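Every number for a ligand or one of its atoms is a count from 1 in the order of the listing. Remember, predicted model here, so these are calculated numbers, not experimental data.
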Amino acid sequence: MTTLNDQGLLKSASYWQGAWHPAAEHFAVTNPANGDVIAKVANASPADAEQAVTAAAAAFAGWSALPGAERASMLMRWHQLMLQHQDDLGLILTLEQGKPLAEAKGEIAYGASYLQWFAEEAKRVYGDTIPAQANNQRIVVLKQPVGVVAAITPWNFPNAMIARKAAAALAAGCTFVVKPAQQTPLSALAMAELAQRAGIPAGVFNVVVSTDAAGIGNVLTQDKRVAKFSFTGSTKIGKQLAKQCADSVKRVSMELGGNAPFIVFADANLDAAVSGLMASKFRNAGQTCVCTNRVLVQQSVLAAFTAKLQQAMTNLTLGDGTTAGVNIGPLISDDACNKVDELVRAAVKQGAQLHCGGERQSLNSLFYLPTVITNVTSNMTLAQEEIFGPVVAIQCFSDEAQAISLANATEYGLAAYFYSRDIGRVWRVAEALQFGMVGVNEGIISNAAAPFGGVKQSGYGREGSQYGLNDYLDIKYLCFGGLDN
Ligand code: SIN
């Protein structure tokens with residue numbers, strides 16, 4: 001790997017109980033931009049995952065007993081260390097995940113912002129008092145940490161998805177075990193190194209890296225010592241994991257797939273809509289759960305909007321994320337490229353019109369050309385499934401009612417976007433969209449202050465914001481009686 005300023009951030013083994021644990025077998029981490037092996041990492045087993053849970057269970061009593069302000073100081077130190085090492089963390093992220101360096105550094109700042117946000121929230125785990133129904137009683141509500149939290153996180157945001165969950169869990173007083181995606185273990189391990197440097201006690205933050213997703217997943221979802229399970233990933237896997245959690249009645253949060261509509265009404269500022277779409281569609285080469293999946297454009301502005309969009313897309317430079325000027329990287333794997341390609345080809349076969357792209361940059365490369373297709377209809381698979389690639393699929397609508405109906409015609413409900421300058425329409429459409437998050441004249445909606453999460457088959461639970469701690473807290477009600485004696 002290219003030399004880091006701080007080589008100590010490059011770790012190659014799982015971390016639990018405050019120590020690094022070698023394994024007999026190793027797996028390769030490759031750079032999707034060129035296929036180079038950038039590291040070999042110790043492959044943890046399900047028995048290792050059990051040990052990590054043991055460490056988290058043992059650390060829980062001490063960590064949860066600390067005053068919130070003390071947990072807050074450690075989270076703040078972790079936040080500062082992440083920012084201090086933003087360049088190195090960004091480089092590690094680009095090398096294992098592929099996103100351009102500027103975007104990778106942006107993700108580090110985004111991840112760190114959750115540590116800061118929840119450090120602040122750690123001091124504000126307020127309970128409640130409730131007027132009792134009898135004069136001789138008083139009702140008090142306490143909020144207490146749920147216990148050990150386990151998480152499985154995806155490859156598309158190898159830093160921020162861990163930070164978003166761990167920050168809330170640790171702030172609440174929980175301890176944490178995460179299994180990051182096997183494609184991107186290095187970012188997670190670098191976070192563990194910085195957690196250790198920040199003084200977070202042994203057993204509080206643990207990382208298990210492995211290619212045995214099913215085996216580790218079984219431990220994290222079935223071990224009775226784990227009180228809460230949090231997952232970000234596909235709806236298909238999320239359903240399976242949720243079923244596995246049922247036997248031990250775990251608290252579960254699921255941040256699953258999306259199928260985001262991006263509606264452009266004829267009264268929209270078309271330039272603003274194009275720049276919102278560029279951000280929402282091409283962030284991480286289209287590989288985010290909140291990326292625009294279906295672009296719905298009102299018939300009367302279709303030609304003008306498509307022309308402006310194609311003009312804006314001439315600014316996209318595809319390439320290795322470490323190269324200056326590159327703003328769109330490779331897809332994560334060959335399978336990912338094949339899937340995007342199949343979706344595009346199938347749509348074209350069914351009558352969609354290809355304007356640009358529609359293929360890999362060159363044979364076997366993981367770079368998929370930014371693509372625009374029009375005449376897309378709701379029955380096409382790419383309008384029903386997450387594309388997870390740099391493909392703008394445009395459908396046309398005639399009026400507001402049709403736009404809303406097309407937008408909601410999906411089993412998913414994570415993010416939606418629309419552009420309009422009519423205040424009445426803004427409220428009507430915002431309220432009618434069946435999604436957990438709606439960008440109104442805005443293409444990038446994720447930030448630490450906002451509640452991130454979906455409805456329908458996009459999952460449940462919220463991450464970030466004032467609501468984010470609730471997923472990690474139990475409510476305990478105290479009834480004080482006999483106060484008239
Ligand atoms: C995701 O793709 O799951 C997360 C994207 C975000 O946090 O904006």
Q: Show which side-chain atoms of residues 444-452 pair as donor or acceptor with protein atoms under 3.5 Å away, not counting sequence neighbours.
A:
| from | atom 1 | to | atom 2 | distance (Å) |
| --- | --- | --- | --- | --- |
| Asn447 | OD1 | Ala449 | N | 3.1 |
| Asn447 | OD1 | Ala450 | N | 3.3 |

Q: If you measure from CG on Leu414 to OG1 on Thr410, what distance do you get to the nearest 0.5 Å?
A: 10.5 Å
Q: Should the pair Asp341-Arg360 be classified as a salt bridge under the 4.0 Å nitrogen-to-oxygen rule?
A: no
Q: Side chains of residues 174-190: which donor-acceptor partners sit under 3.5 Å, not counting sequence neighbours?
A:
| from | atom 1 | to | atom 2 | distance (Å) |
| --- | --- | --- | --- | --- |
| Thr175 | OG1 | Ala56 | O | 2.8 |
| Ser187 | OG | Glu96 | OE2 | 2.6 |

Q: Less than 4.0 angstrom from a charged side-chain N to a carboxylate O is my criterion; do Lys11 and Glu193 meet it?
A: yes
Q: Could you list each N/O atom of ligand 1 together with any protein N/O atom closer than 3.5 Å, one pair per line with the distance?
A:
| from | atom 1 | to | atom 2 | distance (Å) |
| --- | --- | --- | --- | --- |
| ligand 1 | 2 (O) | Asn156 | ND2 | 3.2 |
| ligand 1 | 2 (O) | Cys289 | N | 2.7 |
| ligand 1 | 3 (O) | Glu255 | OE2 | 3.1 |
| ligand 1 | 7 (O) | Tyr110 | OH | 2.7 |
| ligand 1 | 7 (O) | Arg164 | NH1 | 3.0 |
| ligand 1 | 8 (O) | Arg283 | NH1 | 2.9 |
| ligand 1 | 8 (O) | Arg283 | NH2 | 2.9 |
| ligand 1 | 8 (O) | Ser446 | OG | 2.5 |

Q: If you look only at distance, which donor and acceptor atoms sit under 3.5 Å apart when one is on a side chain in residues 98-108 and the other is two or more places apart or in another chain?
A:
| from | atom 1 | to | atom 2 | distance (Å) |
| --- | --- | --- | --- | --- |
| Lys99 | NZ | Glu107 | OE1 | 2.6 |
| Lys99 | NZ | Asn156 | O | 3.0 |
| Glu103 | OE2 | Asn284 | N | 2.5 |
| Lys105 | NZ | Asp87 | OD1 | 3.4 |
| Glu107 | OE2 | Asn159 | N | 2.8 |
| Glu107 | OE2 | Ala160 | N | 2.9 |

